[in-house]
Amino acid sequence: MLQKMRDQAQGPLAKVIVFTIILVLGLFGFGAFNIFTVSEPAVASVNGVDISERELLSEIEREKRQLQQQYPGLDAELIDSVVNPEQAIDRLITQELVDQTTEELSLSSSSKEYLRQIRMEPAFQTDGVFDENLFRRTIDDLGYSPATFRVEMGRTSKAKQLSEAVTASSFLTEREVKLAAVIRKQTRDIAYLLFDGSALTDEVSVDDEEIENHYVLNIDSYETEEQFSFGYVTISSDLLRSRVDITQEQIESAYQIEIDSLGTERKRVAHILLTLDGERDATVAKNELNALKERIELGESFSVLATAISEEEFTAEKGGDLGYLDRGTFPYFDNVADGLQVGEISLPFETQYGMHLLTVTEVEEVIHPAFEERSDDLKNMLIDREVDLLFRETLAQMDKLAFEQNTSLEPVSAINDIEIQIIEGITRSGGPAPFDQPNVINALLDSDVIDNGNNTAVIMIADSEAMVARLETRVPSRQLPLESVKDDIQGFLINQKADRKSSALAESVVADIESDKAVGEIAAFHGKEWTRVDAASWGVEDVPRLLVAKAYELPAPGPGHLSAGYVDLSDGTHAAVVVSKVELGDYAATTEAERTALTGEMEDIAGQLDMNGFLQTLRQSASVDTSYSRETPEG
């Protein structure tokens with residue numbers, strides 16, 4: 001071996017490598033080997049533990065997916081603008097602090113609780129019953145293996161334990177609960193006058209000078225919108241579907257392929273899984289499984305060993321049982337199972353989840369459906385497949401022609417003999433559907449289209465519909481003459497003045513009350529009557545919420561006095577509010593159910609405050625370096 005290495009070291013490539021190493025060491029020293037080491041960029045450090053750029057990007061992507069699921073129609077660019085990398089880093093720092101704390105406290109997660117949680121999770125159930133195949137497919141789609149998903153769930157469980165421990169330490173004194181009842185259960189005698197600006201428009205006027213001044217000062221607001229008309233060609237799967245013809249021979253061939261793929265038998269399998277990590281690589285895991293294989297072949301129970309040793313908890317408790325395999329669901333098991341008879345043990349093999357041993361425990365015959373039962377479904381499947389292929393090919397042709405012959409839509413139209421349509425009156429704000437979609441408007445109003453006169457690229461309207469368009473006409477915005485907008489300006493100014501007047505009247509009522517004028521005289525002066533609500537609670541109905549909030553902001557009045565304030569309501573009405581009496585709540589008058597509910601609510605608030613304070617303390621006492629994150633990735 002040594003001689004072979006010496007011989008190879010005399011080759012020209014080896015000499016170049018040796019020379020390069022000597023040169024680098026001579027110039028930079030042994031530290032130069034770091035040049036060849038690629039370390040993952042860090043965006044922050046928490047007590048010496050780096051948070052990598054990859055983790056940040058994953059967090060950002062997770063938040064984007066959540067927003068897309070929560071708001072399906074939200075534009076991708078808007079989502080990008082909403083997701084804040086700095087906030088994502090802050091969440092990751094908090095998460096790392098919590099992880100470190102749970103580790104210091106030796107908190108652990110229960111396998112039994114984990115299994116209970118996944119079995120109770122509706123996302124893993126079919127008709128209300130836990131579906132193992134659905135569970136595996138779902139976490140697969142999320143990028144987890146059963147082992148890594150277990151780790152993530154354990155992490156969440158330990159964080160929950162920490163939170164519960166902190167919040168459980170919160171306590172309330174009887175005095176605090178009684179004081180809360182006094183404040184929460186108080187009532188107030190209130191009265192109010194409403195002033196509606198729309199009822200005062202006849203009392204105000206504007207002259208020509210005011211109208212002209214407003215027009216001059218806001219001249220940019222009185223322009224027509226720039227308008228565009230576009231020619232466009234659309235293509236959809238529905239249009240192509242009518243052009244697809246499937247023969248009986250194709251359906252029969254698809255049926256035979258399906259039968260062949262299902263096979264004549266279905267195998268039930270069990271496995272033992274060893275995960276791979278920094279302490280156990282593939283070679284070590286393979287050696288361990290080979291030793292287990294020998295023990296099983298000498299008579300030990302596969303099921304017993306799987307329960308004791310397998311590191312996939314969900315199947316371990318069932319002796320490693322994976323159930324009957326449906327071909328294609330977990331293809332990494334199919335090929336191995338194909339080569340095994342009942343009772344045979346596979347050689348160790350590796351998947352994305354780790355290293356496995358597999359055994360076949362049962363075999364059952366597969367009953368195939370008759371051709372007549374499957375014919376319609378197979379025909380629709382073949383049509384869908386053909387339409388999907390044809391749609392993608394057509395999009396590629398359209399995109400190519402739109403670019404190569406970018407001064408006309410005729411070549412694009414000729415591909416499928418599709419009529420060129422015209423849409424008029426499009427503004428920068430959009431138009432009728434689908435011209436109201438942000439991605440459509442952005443593509444149409446791209447400078448290459450409206451300034452340079454080129455075709456758009458293919459614009460996706462929906463998953464199965466697309467268009468190519470080009471500018472036909474462009475009408476620039478123009479200044480509207482004063483005479484054409486005079487009535488609009490006059491109406492706007494009158495409403496504005498009326499609104500200000502109603503607000504001033506509400507304020508004047510408050511000033512009069514603070515001057516100790518009689519409330520009856522004040523109402524009579526304005527030709528109104530006070531609306532009274534005695535013993536109004538915070539949740540009183542039939543009174544505007546903003547008005548109630550204002551009444552509860554006012555200080556309790558002294559004997560023989562009133563507290564007054566005014567508030568602008570959301571509908572443009574203005575109100576003067578008076579509080580004449582405050583009756584504090586009586587803890588003794590509350591029911592047992594009310595006391596229990598109030599105590600629970602106060603404990604929740606106290607617990608949340610304590611947890612927030614605990615996290616702040618962790619942050620303040622930790623060594624947190626965010627200097628890496630000054631230039632955060634855009635995601």
Side-chain angles (χ1 to χ4, degrees), residues 115 118-119 121 123-141 145-147 251-274 289 292-293 295-381:
L115 295 174
I118 64 172
R119 284 177 176 140
E121 172 55 51
F124 303 145
Q125 293 178 353
T126 301
D127 297 328
V129 178
F130 177 73
D131 184 332
E132 184 180 345
N133 285 342
L134 178 61
F135 163 71
R136 289 176 176 277
R137 286 196 301 271
T138 302
I139 65 172
D140 228 6
D141 291 342
S145 69
I251 301 173
E252 290 173 356
S253 175
Y255 176 74
Q256 190 57 51
I257 291 171
E258 181 177 87
I259 295 300
D260 292 343
S261 67
L262 292 173
T264 57
E265 60 183 23
R266 197 164 67 124
K267 293 183 176 181
R268 184 168 190 166
V269 299
H271 78 142
I272 296 173
L273 170 70
L274 296 182
L289 289 178
L292 286 177
K293 185 174 186 295
R295 291 170 61 183
I296 295 166
E297 289 172 343
L298 289 173
E300 291 192 53
S301 166
F302 188 102
S303 175
V304 171
L305 288 175
T307 300
I309 296 171
S310 182
E311 293 175 352
E312 185 182 287
E313 295 172 76
F314 178 74
T315 55
E317 68 167 10
K318 300 183 296 181
D321 183 39
L322 286 162
Y324 281 102
L325 289 181
D326 291 321
R327 296 195 67 82
T329 303
F330 306 113
Y332 34 80
F333 290 144
D334 289 343
N335 292 336
V336 178
D338 285 344
L340 299 176
Q341 299 299 319
V342 174
E344 281 191 282
I345 313 296
S346 73
L347 293 171
F349 63 97
E350 186 176 353
T351 72
Q352 65 193 82
Y353 304 130
M355 196 69 68
H356 306 255
L357 278 185
L358 194 74
T359 186
V360 174
T361 57
E362 294 179 35
V363 175
E364 69 173 15
E365 183 184 358
V366 175
I367 306 300
H368 300 137
F371 175 76
E372 292 73 18
E373 295 176 37
R374 295 289 298 142
S375 178
D376 289 343
D377 287 341
L378 289 171
K379 181 178 180 179
N380 288 329
M381 180 199 73

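Remark: K379 pairs with no residue by the salt bridge (charged side-chain N to carboxylate O under 4.0 Å, His left out) rule, at least two apart or across chains. When the salt bridge (charged side-chain N to carboxylate O under 4.0 Å, His left out) test is applied to D377, the partners found at least two apart in sequence or on another chain are R374. With sequence neighbours left out, D334 forms a salt bridge (charged side-chain N to carboxylate O under 4.0 Å, His left out) with no residue at all.
Across all their heavy atoms, F349 and L357 have their closest contact at CE2-C, 4.5 Å. The minimum heavy-atom distance between T315 and H271, with the atom names listed, is OG1-NE2, 3.3 Å. The minimum heavy-atom distance between A306 and G320, with the atom names listed, is CB-N, 3.7 Å. Minimum interatomic distance between K267 and A337 (heavy atoms only, all atoms of both residues): NZ-O, 2.8 Å. When all heavy atoms of A316 and S310 are compared, the closest pair comes out as CB-O, 3.8 Å. H356 and G354 make their closest contact through CD2-O, 3.5 Å (heavy atoms, listed as atom of the first residue, atom of the second, distance).
The salt bridge (Lys or Arg N to Asp or Glu O under 4.0 Å) contacts involving residues 340-350 comprise nothing, where partners must be two or more places apart or lie in separate chains. Pairs passing the side-chain hydrogen bond (donor to acceptor under 3.5 Å, both in side chains) check and including a residue from residues 296-307, sequence neighbours excluded, read K293-E297, R295-E300. Within the structure, salt bridge (Lys or Arg N to Asp or Glu O under 4.0 Å) contacts touching residues 361-371 (residues at least two apart or in different chains) are R266-E364, R268-E362.
Rounding to the nearest 0.5 Å places CD of E312 at 9.0 Å from NZ of K318. The structure places CG of L325 at 9.0 Å from CG of D338, a figure rounded to the nearest 0.5 Å. Separating the CD1 atom in I345 from the CG atom in L292 is a distance of 10.5 Å, to the nearest 0.5 Å. Distance check: I118 CD1 to T138 OG1 gives 11.0 Å after rounding to the nearest 0.5 Å. Expressed to the nearest 0.5 Å, how far NE2 of H368 lies from CD of Q256 amounts to 9.5 Å. Atom-to-atom distance recorded for F302:CZ and I272:CD1 is 4.0 Å, nearest 0.5 angstrom.
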Query - Test side chain to side chain contact (heavy atoms under 4.5 Å, CB included) applied to Q352 and Y332, step by step - result: CA-CA 9 Å; Q352 65 193 82; Y332 34 80; 4.2 Å; yes
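Just one of L289, T359, L340 meets the side-chain contact (heavy atoms from CB on, under 4.5 Å) condition when paired with S346; it is L340.
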